[in-house]
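Working notes, beginning with the structure itself.
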Amino acid sequence: MATISGLLPEVQAFLLQDPIPMFVGGRWIEAADGGVLQTIDPGDGSPLATVAEGKAADVDKAVQAAREAFRKSGWATMPANERAVFLHRLADLVDQNRATLAQLESLDVGKPLSQAAGFDVPNVAQTLRWYADLMVRTRRSELIAVSGFEARQVRFPYGVAAFILPWNFPLLLVGWNLSPALAAGNTAVIKPAEDTPLSTLYFCKLVEQAGIPAGVVNVVPGYGHTAGKALAEHPGINRMGFTGSPEVGRLIASACGNNLVPVKLELGGKGAAVVFDDVDPAVVAQKLVAAVTLNTGQVCCTATRWLIHEKIWNPFVKIAREAMQQIKIGHGLAPSTQMGPAVSEKQRQRILGYLEKGKAQGAEFVLSGGPATVTEHPEGFYVKPCMLTGDPDNVCAREEIFGPVSFLMKFSEEEEAVELVNRSNYGLANSVWSADLKRANRVAEALVAGNSWINGHNLFPHGVPYAGCNLSGCGGGVLGPETLFDYLRPQSVVRALS
Ligand code: NAD
């Protein structure tokens, strides 16, 4: 149990369950073999909760429950406007329980409470509503004009949608992935990350309260190599949505390919920001510092490579360095915290390891970074923000560190900046900063990635597709109208007229 004070009674009661059970077929159950896993508060290193640890047998139970619910609960066949009532009710419950969900998310991931309560949790409610409403406006059946035939295309849900999710935005990603699948009438099995299953499990209480039929949503916490592998390989799933690293993405895609199950992969990134000399360096420096320290830099699409025009290099670097130094590091629940710990000691070591490798390859430290100590919580997994510069081929300029580390590069010509950005094997998100909108749009289109943002970074309005290309993913994205159609199976019905 967390040693931190100020927990809501609801959060305390939830965490005190021993273990927190999994949610399968509308029931709260322990693992078939009685196994448990321990989650840790990354802010102080103390045990946070004990959670039922699912393995292959539990995954199988969950997939069977989801299949049964798809066939018999009425969820798949109910009119979209009736399903929308359930999803709006669920969204209302997410809003009503925002404080509880945000505290759980902050404790489990280490992120500042203000970010969980101000963005992650409300975004889940917004996503549920957005897809529920889109489904209501989507035609289930469309006539197709062809001579000699009466033809139409009808759309049906696929069946069981499986999701394997990472630890950086656990609940937000449940919202982005589950909402279109449910709105379309599918049932689901979710395997949250082993480090951060708490908010997803609490969310199931709200699914229950919303009256969503048993078996429509199932959550099996567990490790990747056991529960995750079993879910990816399960022949009973009809779709897979994976968010995580490219390495694991390959394994998931192979397993799904083996069963001919369509798969959507949302993978890592090495986002760049191209900053031209016609912006106010102080304004952009503040925004990029906020971007790279958001969620302790553990954000797939954030700006980690900063390409700065040579004419504003000096003022930009000075201001960014000062802003990075002023970031208040602390426990996620401490009101003054701007940047929490890394999610785990393993992740902290990954970040520190990259700094060592970058240094060995000649990177210059503009701001030193390294381990951080928070006096009240000496056992927390804290790191300092770091700024590097040097050769664009340095490992820290090429690989995803997933920490509050920016790699700065100077450029003089537009083409040079585009070439530097497009050297990356990733293709998730980049941004362009310029007062010249013609140039900004030209560069935005020249950067090879799923997303190009102008005069902002980390922009996710509902209705704008968010996806990656190359090492950053394939199979469609999330958040767009097209995402709904990823969960609707098209079927052509054709009658011969003669
Ligand atoms: P990860 O790939 O290690 O794990 C992701 C999930 O896969 C976890 O639930 C894990 O338990 C599971 N898993 C691990 N091994 C598995 C296996 N053999 N079979 C099946 N499942 C397995 O990633 P992570 O460390 O949790 O998250 C960080 C990564 O996620 C980064 O690369 C980040 O960029 C990426 N990410 C991408 C997006 C996006 O939208 N593109 C969003 C968030 C995170």
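All heavy atoms count here, side chains included; hydrogens, waters and symmetry mates do not.
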Check your understanding: What's the spacing between E310 CD and K410 NZ if we round to 0.5 Å?
Key -> 7.0 Å
Exercise for review: Locate the shortest heavy-atom distance separating T200 from P192; write the atom from each residue and the value.
Suggested key: OG1-CB, 4.1 Å
Study note, to complete from the structure: CG (D391) and CE (M409) are apart, to the nearest 0.5 Å, by 9.5 Å
Review point. Hey, does S254 have a side-chain heavy atom less than 4.5 Å from the side chain of L251?
Key: no
Practice item. Could you check if a side-chain atom of K270 sits within less than 4.5 angstrom of a side-chain atom of E399, using non-hydrogen atoms only? Key: no
**Study point:** N168 (side chain) donor-acceptor with Q298 (main chain) under 3.5 angstrom
**Key:** yes
Practice item. Taking the six-membered ring for Trp and the single ring otherwise, decide whether the centroids of W176 and F460 are under 6.0 Å apart. Key: yes
**Study point:** Check: R398 main-chain N/O paired with Y426 side-chain donor or acceptor under 3.5 Å
**Key:** no
Review point. Between H309 and K311, is there a donor-acceptor pair closer than 3.5 Å when you use the side chain of the first and the backbone of the second?
Key: yes
Exercise for review: List the atom of G45, the atom of F381, and the distance in Å for their closest heavy-atom pair.
Suggested key: CA-CZ, 4.0 Å
Review point. Does the gap between the ring centers of Y202 and F23 come in under 6.0 Å?
Key: no
Practice item. Specify whether Y223 and H225 have parallel, tilted or perpendicular ring planes, treating 30° as the upper limit for parallel and 60° as the lower limit for perpendicular. Key: tilted
Review point. Does the N422 side chain pair with the main chain of A446, one donor and one acceptor, at a distance under 3.5 Å?
Key: yes
Practice item. Keeping the roles fixed (side chain from N430, backbone from G271), state whether a donor-acceptor pair exists under 3.5 Å. Key: no
Point to revise | Counterpart residues, ring pair (Phe, Tyr, Trp, His ring centres under 6.0 Å), relative to F402 (two or more places apart) | key: W167
Practice item. Find out whether E194 and P221 are in side-chain contact, i.e. whether some heavy atom of one side chain is under 4.5 Å from a heavy atom of the other. Key: no
Practice item. Output every pair passing side-chain hydrogen bond (donor to acceptor under 3.5 Å, both in side chains) with a member in residues 97-115, not counting sequence neighbours, ordered by first then second residue. Key: E105-S199, K111-D120
Check your understanding: Measuring from C396:SG to D393:CG, what's the distance to the nearest 0.5 Å?
Key -> 12.5 Å
Practice item. Can you see which heavy atom on P385 is nearest to which on L367, and at what distance? Key: O-CD2, 3.7 Å
Revision key, fill the gap. Looking only at heavy atoms, the pair that brings W130 and G463 closest together is CZ2-CA, 3.3 Å
Check your understanding: Salt-bridged, R129 to D95, with N to O below 4.0 Å?
Key -> yes
Practice item. Indicate whether the side chain of T337 and that of H331 have a donor and an acceptor atom separated by less than 3.5 Å. Key: no
Point to revise | Separation between CD1 of I212 and CG of L182, rounded to the nearest 0.5 Å | key: 6.0 Å
Practice item. Would you confirm whether N123, through its side chain, and F119, through its main-chain N or O, come within 3.5 Å as a donor-acceptor pair? Key: no
Review point. Within the distance-only criterion (no hydrogens, no angle test), does the side chain of N470 pair as donor or acceptor with the backbone N or O of S472 below 3.5 angstrom?
Key: no
Check your understanding: Any chance CZ of R250 has more than 12 other-residue heavy atoms, nucleotides or ligands included, within less than 6.0 Å?
Key -> no
Point to revise | Working for side chain to side chain contact (heavy atoms under 4.5 Å, CB included), residues L48 and I40 | key: CA-CA 5 Å; L48 182 55; I40 304 289; 5.7 Å; no
Review point. More than 12 foreign heavy atoms under 6.0 Å from NZ of K55: is that the case here?
Key: yes
Review point. When rounded to the nearest 0.5 angstrom, what is the spacing between CG in L101 and CZ in F203?
Key: 8.5 Å
Review point. Are E345 and R348 within salt-bridge range, i.e. N to O under 4.0 Å?
Key: yes
Review point. Do F242 and L165 have side chains that get closer than 4.5 Å, going by heavy atoms?
Key: no
Practice item. In plain terms, say whether R439 and D278 are close enough for a salt bridge, that is, a side-chain N and a carboxylate O under 4.0 Å apart. Key: yes
Check your understanding: Is it true that a side-chain atom of E416 and a backbone atom of S412 form a donor plus acceptor pair closer than 3.5 Å?
Key -> yes
Review point. So, for V275 and L288, which heavy atoms are closest and what is the spacing to 0.1 Å?
Key: CG2-CD1, 3.9 Å
Check your understanding: With a 4.5 Å heavy-atom cut-off, do F163 and V174 have their side chains touching?
Key -> no
Review point. Any donor-acceptor pair under 3.5 Å linking the side chain of Q338 with the backbone of K328?
Key: yes
Check your understanding: If we only count heavy atoms from C-beta on, is the I164 to M240 side-chain gap below 4.5 Å?
Key -> yes
Point to revise | Check: P371 and K384 side chains under 4.5 Å, non-hydrogen atoms | key: no
Check your understanding: Between the side chain of E400 and the main-chain N/O of G269, is any donor-acceptor distance below 3.5 Å?
Key -> yes
Study note, to complete from the structure: When T304, V383, N295 are each screened for side chain to side chain contact (heavy atoms under 4.5 Å, CB included) with P404, the one that passes is V383
Review point. How many angstroms lie between atom OG1 of T389 and atom CE of M387, to the nearest 0.5 angstrom?
Key: 8.5 Å
**Study point:** Closest non-hydrogen atom pair, W28 against C204
**Key:** CH2-CB, 3.6 Å
Review point. Can you find a pair of side-chain heavy atoms, one from I20 and one from L198, that are under 4.5 Å apart?
Key: yes
